[in-house]
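Notes follow once the structure below has been shown.
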Amino acid sequence: MDLIEIAFSAVRVSTPLVFAAMGGLLSYQAGMLNIALDGFMIIAAFAAIATAHFTGSLELAILVAVLGATMLSALLGVFTLKLNADVFIAGIAIIFMAYGLTALLLKGILGEDGVFMSSAIPRFPTLDLPVIESIPVVGGIVSGHTLLVYIAWLLVPLVAWCLYRTRWGLRVRMVGEAPEAAAAAGVNVDSIKFQTMLLSGVLCGFGGAYLSLAYVSLFANQMTAERGLIAIAAIFFAKGHPGWTALVALLFGLATALSVRLPQVTGAAPQLLQLIPYVVTVAALIIVGFRTARSRSKHGAWKFGWN
Amino acid sequence: MSAEVSVPPARRSITASPIFGKIAASLVALFISFLLGALLVLALGESPLEVYGLLISGSLVGMPNFLVTLQMMSPLIFTGLAVAISFRAGLANIGAEGQMLVGALCAGYVGYAVELPALIHLPLCLLAAFVGGLVWALLPALLRVYLNVNEIVVCLMMNPIALLLTGYLSTRVLKAPGPTNKLPDIQPTAELSTFSLFSQANTGLIFALVLCLIFAVVNVRTMRGFEWQMIGKNAKFAYYGGVDVRRRALTVFLVSGGIAGLAGAEQVLGQYRAYYDDFSPGYGFDGIAVAMLAQFNPLAVPLAALLFGALNGGSAVLQMMTGLSKHLVQVLQFIVVLVLAAKLSWDWLKLGRSQTAAPGSDPPAEGPHVTAGDR
Amino acid sequence: EIKVAMVTSESGLGDRSFNDMMLAGMERAEEELGAEFVVIQPRAVSEFQSTLARAAGQDFDIIIGSSFDMIEPMRAVAEAFPDQAFGLVDVGPEPIADNVVSTVTKDWEGSFLVGWIAAKETETGTIGFVGGADIPIIHRFFIGYYYGAKMANPDVEVIETYTGSFTDPAGGKEYTLANVAEGADINFAVAGATSAGVIDGAVESGTFAIGVDSNQNYMAPGSVLTSMVKRVDTQAYDMIASVADDSFQGGSVLYYGLAEDGVAAAMDEHNEGLIADEVLAEVEELRQKLLDGEIVVPNYFDLEAGQEMMGEPPMATPPSVRNASEL
Amino acid sequence: MSEPAPVIEMRNVVKRFGDFTAIHDANIDLRPGEIHALVGENGAGKSTLMNVLYGLLPRSGGEVLLRGEPVDYGSPNEAIAAGIGMVPQHFKLANSFTVAENIILGSEPTRGFNRLDRRRAAEETAEISRRFGLEVQPGDVVGDLAVGLRQQVEILKTLYRKAEVLIFDEPTAVLTPQETRELFNTMRNLAAAGNTIVFITHKLGEVLAVSDRISVMKQGRIVATLDNRDVTAQQIAALMVGRSVILRVDKAPPSELGAPLLRIRDLCARGERGEVAVDNLSLDVRAGEIVGLAGVQGNGQDELVECIAGLRRRASGDIEICGKPTGRTPGDNRDLGLAYVPADRAHVGLSLESGLWENLSIGHLESFRWGPFMRTGAARKRAGELIERFDVRGGEIDKFAGSLSGGNQQKVQIARELTRPAPLIIAEQPSQGVDIGAIESIHRILVEMRDAGRAVFVISADLDEIFSISDRILVIYRGRIVADLAAEDTDQEEVGRYMGGLEDRPRDGASPERTAHVG
Ligand SMILES: Nc1ncnc2c1ncn2[C@@H]1O[C@H](COP(=O)(O)OP(=O)(O)OP(=O)(O)O)[C@@H](O)[C@H]1O
Ligand SMILES: Nc1ncnc2c1ncn2[C@@H]1O[C@H](COP(=O)(O)OP(=O)(O)OP(=O)(O)O)[C@@H](O)[C@H]1O
Ligand SMILES: [Mg+2]
Ligand SMILES: [Mg+2]
């Protein structure tokens, strides 16, 4: 097995997770468990393909994808913030509605069931990064991805900067930790929450567009394959910290890339190999859980390690 | 002394009663969601009246159709109940899907591998399924209760693990000869009997309904039910008040997992008569929606499951009679969930915006306030 | 006028496989025979029986289903509605009931052909197989592919992978690129919608994919070496036609192999020139041998007959071949 | 001297919650430079009236005039912009953020690209802090601060927004005497600078000490507005409650003491951040006595009580309740004979989103047990009786605890705990937020319990309370008991000195330095 090739693939595999996770962690930081990332992504994936098919323009396709996902996130925002729906419940409804809706639209607009491919859809070019390309190991891993991959990874420091360096970020974090305090200080809590919700729509829009336009070049029903849920796991794992979240996503991508390459080498049952990313995540959760629990009990806090 | 404060009973109208408000709000929400659905149907170029007519007649009118609805709702009662009791205790067990798969595999294995008289065999299979689901809930439960690891994340991981693991066992280890990845058929002694050719509805449904009744009683009339509710409302308070929160939370999580496992038993013993790999079209996730529609009330779970089951059951007839696809029904179902999730309180509906509710004066729904952050 | 109900397998339309192919057959019947049809998509195997039974209660002239899992439900319903005509495409050789016509597609023969082509065309000496799920129906393709390749070149290496999903093109692409990294320059995609990702991966890595079920050569001209076409549409069409001209023969089992044009390695303008002419000529020879029964492809239902003829495979036997004898 | 024009006039303000009218035609005017005390029984409507003024609650009728102009705030934002600030009783601070971050929130100084200007934030915070004689450090994390300092942060928040009208809702309820004195100094400074201050409290001594004018609320109405010079505490109390109130409980001297029902030996415990909070502490509380534990907040009281209750793991040492070692969970300790009124009623002592009957039943569950079943009817009936008996205003058994006024919530806790048949009673801040009428009855109940031979351990930051009921006073300082005094032999001055650590004479001869390491 070629380790560089695996790492290269891990970057690619974790890119949609990074997009979704960066979006999701904004609403997480604002105190919302926005589980609907998968729904946002599938809408975007569809909108991207449909637009690219009809217009042949990748830029327009991404724009429409982002718009579509943002509209869906606005819907979720209205339901949770204006109509007091539980964000978790409404989010689940949004996911399944989005799955169903894209399937209906696929038939209605593109006249296909299940899968749509078209030669009218332009392919995303891969970029060879000028200097980095020639660095031995790094070049092989980092260079040669599509533009959206770089956007995703550049989002990580950008999101971190927004959260920790700007006024808006301070407000988001305050709203998440102490909504009453923020409200009393004159911060419009609902508006901040709504903004993060919209932004998670925007970023998931990119994620969905990446999935259908850059990762592959087609749309298939439920093609997000629950990547949004994995992103949520990463966010929780890293407690919403952008850098750590991206790292967890990368880890998951690495485990996936590995599990994809092991059958050729080991001949083991595919189901067992496909377990690897999930088992790795659970194992990490256990280890981290034990460590926090130990440091907690060391200084004796509340005996009751609940919320 | 507080005469001025309390409202004299005489002024109470029926519309002020909380139950009336809840039911009225639900009905109005249902109506709104059907209106939204109608818009969607119109957009697809069909007549909403016809579509709803077919969905209703195709699910509730005539014995065959009704039996199919019963078949469709059976697993959802189990998974819905499982989710409902965990959420009511503040634990977001969204791992019902995986627990159901494992429970189903256990029931399927015990169902074929053991030979016993029916009187023992069937209960043994049910027990196996319960234990299977319970075991699958053990890890998220322990992590949640002892290490404070968010159960949602763990459950999100346990579901695909269950699918892959049961897939492995039914494909490579326990597979019955033949073109399908399934375990050998269960013995007749382990079967839950069905009622008709038209449907796989089986006695498991009755079992599910009884279980709902039992948990309704448990919730409102037993010590455990009271304690479960208290840990859901405010776990610190419950702990302070003498409830052994960890133990209770562990039990309720495991019981929830066990019930989800029973959903698997209903499928395997009543509907499939063997464990089929990857048999579930997502009953565990639908169970979350059902539980939420039922507002985590065990007595309302069958009703919510009926709504879901009827839409699924009517779906086939709708497809037979029109060119519409199964996806339409899925969208309709979750429009209902979305609109019902909105807390359209009766006051809100009655008075519109003239009612100036204090912030947070709405009675919060039961269930965990799944918020990001501090978990 | 003929009314047809088509009942898909639980994976439903859009599988780019037998469900979609059946639909194509329906559409052809609509055009050529003026048949009317509806498509019913059950969500789970447990819904097959009730769906069939309720359809039998309507006045359809024939109810056509697919999937091995529908055999038992259809038998039960057919026995309860003896006057209703049923059809079940792409299943096993046993007759189902007196009013059911079933078909067997010899997709192992087609897979054998494309495996043979792949082994001839590979430059690396390694070819790949990307299956949707680790299930017997997919193994059936692999077995044919594997023996075809081994017949062409006993030294060729065949990588067997399963993505675990029929609806994850991104995953399909990942597996394809992994196979490419292991040296496979031709990958046979038998993975429904996931196949699209396999083809995409071939385009990206400059290797070849082999399509499946329908002719997928057009999906990426120049990158799809050929497609193993499996004419489930013809099977469905023929069933409807037999009802139309009253030649419906309940209880029969129809075979669709190379001889019946039920399977083929698709050649068209999209893959013109991708396969060397001398290979094409040899393929024709091989096809003839298969038709004549000179070569028996080890098949899904009876592995040993073929194995005897072909001898034991020279390399470590892949698990699905090992396990096939239990089928 | 002509009266200055009022900054704020509230005219015939009405506030309804559903069918229930919390404020009836309230009229009040606030003048620049005055400290205006607002007093009234629990549930009289003080917080609600001020929440209306601050835009937290929309009013149902009447008008609010700001410098003669009618205003209608839809949110605190607008009120803040108009120069109104509120220091809530339950601090609204984000604990993991710094003081500066909490203060600037909502009107943050920025540089280009909306970047936070942290330096300017820190400077401005420090500058205002200095100007009004406060002492918080901008860089400190709020969660690490003592209560008094947190309150200063709240005050700074309003000042940073240039508030001219400051509302203090029961600011002294959790402060020590020293902190209270400091707060009053700050309030006077502010008033002298021309600001208007509204001061809600239940402590009439404070009212007389600091306010210029006093408004009394009763059942949603302002029944009187008086000049401080013209009234006595008794008069105010009578206006509030409608009868005369005994401000100090008369109690008989204790009869002979029984066995120690609470016995603590060499207890060590750590606080939330791992610091040593309770340091080799030993004490006894015997049957038939009321022991008061005095101490400045944050000297280990919370941790000590949590250890006794079983809510916190102890690092070492022994605790015995009624002669038996404490158990694993709070439930076990309750079974040993503990009744416990916690200070944090919002999170620990009550479930705000549960009905009153549920709040009143927990801890008494065994008495409703019938096999595995619960006699809910009996539980509800008993809840109704307790609400009656403890005069919980606005209480219906199905109403959420969160909808009660703060004082009435306290009464619910008291009702539940003091009716437990438990020999040992631990009460933290038993009268926080309750009005003088209720304080009186709570204290009387505690004394009755003592006379019935139970052991009562009261932890309070309020020295008046400690002195009005204790037989014996312990002072805790830095996790140790530094004084053990008979109530009649000491006075507030002496106890105050011990609390401040000025007479740090450890009883057990250990080093006064906090060097002991708890393993
Ligand atoms: N949001 C609300 N919904 C219903 N009733 C409320 C609400 N807020 C306050 N009340 C009721 O209004 C009345 C006045 O409450 P308020 O909190 O203003 O009293 P208070 O004077 O501050 O009392 P305390 O001294 O106990 O703090 C109480 O009876 C309370 O139960
Ligand atoms: N969810 C709720 N439902 C009904 N009323 C509420 C709710 N939350 C708060 N209130 C009311 O809002 C008012 C203002 O709350 P606040 O936090 O100021 O309490 P408070 O009465 O001042 O408490 P304390 O007595 O401790 O000072 C309270 O009277 C309370 O009754
Ligand atoms: Mg108040
Ligand atoms: Mg109060």
Side-chain angles (χ1 to χ4, degrees), chain A residues 27-35 75 79-80 83-90 92-97 99-101 103-104 107-108 113 176-177 183 221 226 229-230 232-233 235-237 239-240 269 271-272 274-275 278-279 281-282 285-286 288-290 292-293 296 302 304-307, chain B residues 40 43-44 92 139 143 145-150 152-154 156-158 160-161 163-165 167-168 171-172 235-236 239 245-246 249 282 285 288-289 292 325 327-345 359 362 365 367-375:
Chain A
S27 40
Y28 174 95
Q29 288 273 12
M32 286 181 293
L33 173 47
N34 175 8
I35 198 160
L75 181 71
F79 265 87
T80 54
L83 300 176
N84 288 322
D86 186 296
V87 63
F88 183 74
I89 306 177
I92 286 187
I94 289 278
I95 294 182
F96 287 99
M97 272 174 58
Y99 283 164
L101 208 61
L104 285 177
K107 181 77 185 167
D113 277 302
E177 180 180 307
N221 281 349
E226 300 185 353
L229 297 184
I230 304 293
I232 286 171
I235 296 167
F236 266 97
F237 202 132
K239 300 233 184 314
Q271 297 90 347
L272 295 184
Q274 282 154 10
L275 279 175
Y278 304 104
V279 171
T281 311
V282 170
L285 279 169
I286 296 175
V288 171
F290 263 112
T292 26
R296 210 187 250 275
W302 270 63
F304 157 79
W306 204 258
N307 288 324
Chain B
L40 178 68
L44 292 171
L139 187 65
L143 286 177
V145 169
Y146 286 99
L147 300 183
N148 201 25
V149 176
N150 187 294
I152 292 180
V153 194
V154 186
L156 283 177
M157 296 292 130
M158 294 305 279
I161 293 181
L163 184 63
L164 289 167
L165 222 52
Y168 173 71
T171 307
R172 296 285 170 103
K236 263 186 187 173
Y239 188 60
V245 173
R246 285 184 165 167
F285 291 106
I288 302 176
M292 286 162 177
S325 86
H327 301 294
L328 173 65
V329 169
Q330 185 181 357
V331 177
L332 292 181
Q333 279 173 338
F334 284 93
I335 288 180
V336 176
V337 178
L338 183 65
V339 176
L340 268 179
K343 289 193 196 64
L344 310 172
S345 70
D362 258 351
H369 299 277
V370 229
T371 45
D374 49 12
R375 285 260 176 113

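What you see below is based on every heavy atom in this structure, not just the backbone, and it leaves out hydrogens, waters and symmetry mates. In what follows, every chain begins at residue 1, and chains take the letters A, B, ... in the order their sequences are listed.
- Here the closest non-hydrogen pair linking V153(B) and A233(A) is CG1-CB, 3.4 Å.
- Atom CG in L143(B) sits 7.5 Å away from atom CG in L285(A) (nearest 0.5 Å).
- Contact detail for V339(B) and F79(A): the closest heavy-atom pair is CA-CE2, 3.9 Å.
- Here the shortest heavy-atom pairing between A90(A) and A341(B) reads N-CB, 4.4 Å.
- Separating the CD1 atom in I92(A) from the CG atom in L338(B) is a distance of 12.0 Å, to the nearest 0.5 Å.
- For I335(B), the parts lying under 4.5 angstrom from a heavy atom of chain A are both the backbone and the side chain.
- A search for ring pair (Phe, Tyr, Trp, His ring centres under 6.0 Å) contacts involving F334(B) returns F96(A), F308(B), not counting sequence neighbours.
- Heavy atoms of I235(A) lying under 4.5 Å from chain B are absent altogether.
- In this structure, L44(B) and L104(A) have side chains that are in contact, with non-hydrogen atoms separated by less than 4.5 Å.
- For the atom pair NZ of K107(A) and NE2 of H327(B), the computed distance is 10.0 Å after rounding to the nearest 0.5 Å.
- With a 4.5 angstrom heavy-atom cutoff, L163(B) does not touch chain A via any of its atoms.
- Neither the backbone nor the side chain of L332(B) comes within contact range of chain A; no heavy atoms are under 4.5 Å apart.
- Atom CG of residue L156(B) and atom CD1 of residue I230(A) lie 7.5 Å apart, to the nearest 0.5 angstrom.
- Summarising the geometry of V331(B) relative to L101(A), their closest heavy-atom pair is CG2-N, 3.4 Å, with the distance given to 0.1 Å.
- Between Y278(A) and M157(B) the shortest heavy-atom distance is CD2-SD, 3.8 Å.
- For a residue to count as touching a neighbouring chain, one of its non-hydrogen atoms must lie under 4.5 Å from one of that chain's; by this rule N221(A) touches chain B with the side chain only.
- With respect to chain B, the highest number of heavy-atom pairs below 4.5 Å among V282(A), I232(A), I286(A), I95(A) belongs to I286(A).
- In this structure, CD1 in I152(B) is found 5.0 Å from CZ in F236(A), a value given to the nearest 0.5 Å.
- How far CD1 of I89(A) is from CG of L340(B): 10.0 Å, rounded to the nearest 0.5 Å.
- In this view, L275(A) and L272(A), V279(A), I161(B), L164(B), L165(B) satisfy the side chain to side chain contact (heavy atoms under 4.5 Å, CB included) rule, not counting sequence neighbours.
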